[in-house]
Amino acid sequence: MAHRFRGNATHKVDQKGRVSIPATFRRVLELGDPDWSEGRPPTLLMVVGMRDEPMIECYTVQAMEALEDRILTIEDYFDRETLLRDVVGRAQAAEMDETGRIVLGQRIRDAVAITDAAEFVGQLDKFQIWSPPTFAARSADDRARINALPRDQNPYRHLGPSAPLPPGPGRAPA
């Protein structure tokens with residue numbers, strides 16, 4: 001059974017940059033850390049601003065290793081080296097404390113505009129941490145872009161005919 005990050009939640013960030021990871025995400029982090037054991041916090045890996053996005057991507061140890069393995073198979077030297085620098089070179093290990101919190105340092109918070117709250121967004125094999133206003137704006141932009149596409153270009157087409165399509169050209173609202 002695959003253990004994945006699903007859903008989203010907004011959590012307060014204190015003045016020291018401590019923020020609680022959603023409980024459902026904590027269990028996935030434990031299962032994805034081969035060195036984890038009961039009573040010990042799992043390790044996660046954070047990459048700030050990957051693809052120049054104003055967010056933090058967080059991986060289990062196993063998911064990061066799988067991503068690294070995929071990067072190592074890239075034959076094009078420039079592409080491989082670029083991804084090694086952009087992903088692996090910027091990855092930072094973090095551990096949760098006994099209450100399930102991590103510390104987002106001031107530099108990280110400044111880079112992604114996180115102040116007093118953080119939006120956690122599940123992405124199956126990883127999760128993202130956004131500033132809530134930035135995430136809301138990105139989500140609205142994504143929805144507008146999707147809704148403007150014809151049915152044959154809408155990303156929901158990949159999910160098959162039973163998947164609900166959002167409103168858009170030639171479609172009634174759900």
Evaluate V47 against M64 for side chain to side chain contact (heavy atoms under 4.5 Å, CB included), listing each step before the verdict.
CA-CA 10 Å; V47 181; M64 180 57 87; 3.7 Å; yes
Is a side-chain N or O of N154 found less than 3.5 angstrom from the main chain of L149, in a donor-acceptor match?
no
Check against side chain to side chain contact (heavy atoms under 4.5 Å, CB included), L83 and I74
CA-CA 10 Å; L83 289 173; I74 297 170; 3.4 Å; yes
Can you tell me how far CD of E81 sits from CG of D76, rounded to the nearest 0.5 angstrom?
10.0 Å
Can you confirm whether R90 is buried at CZ, in the sense that more than 12 heavy atoms of other residues, nucleotides or ligands lie under 6.0 Å from that atom?
yes
Would you call the rings of F25 and F5 parallel, tilted or perpendicular if under 30° counts as parallel and over 60° as perpendicular?
perpendicular
Answer yes when R145 and D141 have at least one side-chain N-carboxylate O distance shorter than 4.0 Å, and no when they do not.
no
Are any non-hydrogen side-chain atoms of L67 and K126 less than 4.5 angstrom apart?
no
Of all the heavy-atom pairs spanning A117 and V13, show the shortest one and how long it is.
C-CG2, 3.7 Å
Student check: side-chain heavy atoms of H3 and T60 closer than 4.5 Å
no
Enter the distance from R101:CZ to T99:OG1 here, rounded to the nearest 0.5 Å.
4.0 Å
Distance in Å, F127 CZ paired with E119 CD, rounded so as to fall on 0.5 Å steps:
12.5 Å
Answer yes or no: is there a side-chain heavy-atom contact under 4.5 Å between N8 and F120?
no
Could you check whether any side-chain heavy atom of R26 comes within less than 4.5 Å of a side-chain heavy atom of P42, counting everything from C-beta outward?
no
Minimum-distance pair of heavy atoms, taken over all atoms of R80 and E75:
NH1-O, 3.5 Å
I need the L72 CG to L84 CG distance, nearest 0.5 Å.
6.0 Å
Donor-acceptor pair, side chain of R6 and main chain of G122, under 3.5 angstrom
no
According to a 4.5 Å side-chain heavy-atom criterion applied to Ile, Leu, Val, Met, Phe, Trp and Tyr, with indirect links allowed, do M46 and V103 form part of one hydrophobic cluster?
no
I21 versus L44, closest heavy-atom pair with distance
CD1-CD2, 4.1 Å
For H11 and V19, indicate whether the former's side chain and the latter's backbone hold a donor-acceptor pair under 3.5 Å.
no
If you compare all heavy atoms of T134 against all heavy atoms of P54, which two are closest, and at what distance to 0.1 Å?
CG2-CG, 3.7 Å
Would you mind listing every ring pair (Phe, Tyr, Trp, His ring centres under 6.0 Å) that reaches into residues 76-111, with sequence neighbours excluded?
none
Looking at CZ of R18 and CD1 of I102, how far apart are the two atoms once the value is rounded to the nearest 0.5 Å?
12.5 Å
Do V121 and M96 share a hydrophobic cluster, counting only Ile, Leu, Val, Met, Phe, Trp and Tyr and linking them when any side-chain heavy atoms are less than 4.5 Å apart?
no
Determine, using the 4.5 Å side-chain heavy-atom cutoff (strictly less than), whether L31 and L124 are members of one ILVMFWY cluster.
no
Would you say I108 ends up clustered with F135 if hydrophobic residues are merged whenever their side chains have heavy atoms under 4.5 Å apart, either directly or through other cluster members?
no
If you look at every heavy atom in P41 and E95, which pair is closest and at what distance?
CG-OE1, 3.7 Å
Which of I56, V112, V48, D110 passes side chain to side chain contact (heavy atoms under 4.5 Å, CB included) with L104? It is I56
Is there a side-chain contact between E53 and R138, using heavy atoms and a 4.5 Å cut-off?
yes
Closest contact, heavy atoms only, P132 versus T10:
CG-CG2, 4.0 Å
Any chance you could measure D116, atom CG, to K12, atom NZ, to the nearest 0.5 Å?
7.0 Å
For the residue pair T24 and V28, establish whether any side-chain heavy-atom pair is separated by less than 4.5 Å.
no
